[in-house]
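First the structure, in the form of structure tokens, and then the observations on it.
Note on naming: letters A, B, ... go to the chains in the order of the sequence lines (proteins, then strands), and numbering restarts at 1 for each one.
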There are 2 protein chains.
Amino acid sequence: MVETTPLIAALEDAGYRVTGPRRNVVGLIAGRSGHFTAADLVTESNRRRLGVGRATVFRTIEVLSDVGVVERIDLPSGEHAYIACQPVHHHHVVCSGCGRTRDVDDAGLRHVVRDIARQTGYRVDDHRLELFGLCPECQTAASGANRPGPSR
Amino acid sequence: MVETTPLIAALEDAGYRVTGPRRNVVGLIAGRSGHFTAADLVTESNRRRLGVGRATVFRTIEVLSDVGVVERIDLPSGEHAYIACQPVHHHHVVCSGCGRTRDVDDAGLRHVVRDIARQTGYRVDDHRLELFGLCPECQTAASGANRPGPSR
DNA sequence: GTTTTTGCAAACCATTTGCAGGGTC
DNA sequence: GACCCTGCAAATGGTTTGCAAAAAC
């Protein structure tokens, strides 16, 4: 009865050991609809009495991040949050209402980056674009009488 | 003999009091060529025996940030760094060699953002683009020891 | 004179690390 | 069985806060 999720599969493929605590952390991540912080997972782990230690949560996030299935985003507040995503180059639109994100491909950005490199003379090795706003659901919710809230 | 720098002027204009410690912090920032962390300023303040407390450094950075003349950037390492800049919407290319940054205008990015909003249905309120690479000087310096191959 | 600001130290919060025991391949 | 991983607790590093004294307007 060993379930395999994409995140677990990514761990295996990269040669990391698949352990109980790691499965638990992955489960916690899967249960999140939007972005999450390390503290979120620790809190939730305690609430559910999973017995996963703080350190392991941090270490697992790091491992998943190395593998590329979890990515760190920097919220406007300065907090470090994480999201699960595909291990390919892309960017994110983050909903400031519910925290959900959507992946966005590089699209026209490639040209913008090239132009900037040309203008500044910098050799641009990496770039990061983050967008913040309201997702369609939260727009609807906000325009009515109800406040936006996470759904599950 | 009260000197006025752009940062100090911004403080005054916003109605903040211009104090000795704030002048000192602004002086420290002016002495930096690239980005800086709060810790950098604290260290430098101690070295120069300016008598500016840790808390004041943090509070001054916050105030300058509110006013818009200092902006936080999130380095790939996850560190929070700051740079002095103009209070208009723009983006940054950060040199991973020397830490110096250059401002970049919105240029073609505007279109990219609009396309993304259209594709995802999100109402995009804000965005942030950060580019990392090597500035022309650092490219030259590195080319002696590095093998060729940079873009262009 | 009133209101803001400061320095200090302690508090706080997030993240990391050392290490002995336990689990996985 | 060898090596990786985990939990715990303590250490760390960055940032905030309470408060009385000092400074700015």
[X] side chain to [Y] main-chain N or O, any donor-acceptor pair under 3.5 Å?
| X | Y | value |
| --- | --- | --- |
| B:Thr56 | B:Val52 | no |
| B:Arg22 | B:Arg17 | yes |
| A:Gln139 | B:Gly121 | yes |
| B:Thr120 | B:Ile116 | yes |
| B:His80 | A:Gly78 | yes |
| A:Asn46 | A:Val42 | yes |

Inset, instruction - Check which hydrophobic residues are tied to B:Phe58 through side-chain heavy-atom contacts below 4.5 Å, counting indirect links as well, and list them. - result: none
Inset, instruction - List, by chain and number, the other hydrophobic cluster members for B:Val88, where Ile, Leu, Val, Met, Phe, Trp and Tyr join if side-chain heavy atoms come within less than 4.5 Å, directly or indirectly. - result: none
Legend entry - Greater than 12 external heavy atoms within 6.0 Å of B:Glu12's CD: yes
Inset, instruction - Give a yes or no on this: more than 12 heavy atoms of other residues, nucleotides or ligands lie within 6.0 Å of atom CZ of A:Arg54. - result: no
What does the list of N/O pairs under 3.5 Å between the protein and nucleotides 22-25 of chain D look like, with a distance for each?
residue: D:dA24; atom: N3; partner: B:Arg17; partner atom: NH1; Å: 2.9
residue: D:dC25; atom: OP1; partner: B:Val18; partner atom: N; Å: 3.4

Inset, instruction - May I have the distance from A:Leu41 (atom CG) to D:dG7 (atom P), rounded to whole angstrom? - result: 13 Å
Inset, instruction - Sugar-phosphate means primed atoms, P, OP1 and OP2; the rest is base. With that split, encode nucleotides 9-15 of chain D 5' to 3' as B, S or - using protein heavy atoms under 4.0 Å. - result: ------B
Legend entry - Pairwise side-chain contact, A:Arg128 with B:Leu129, heavy-atom cut-off 4.5 Å (strictly under): no
Inset, instruction - Note down the inter-axis angle between the two ends of the helix from C:dG1-D:dC25 to C:dC25-D:dG1, five pairs each, to the nearest 10°. - result: 40°
Inset, instruction - Tell me, please, the opening and closing nucleotides of DNA chain C, 5' to 3', among those with an atom under 4.0 angstrom from a non-hydrogen atom of chain B. - result: C:dT3 to C:dC8
Inset, instruction - Would you confirm whether the ring centroid of B:His127 sits within less than 6.0 angstrom of the ring centroid of A:His91? - result: no
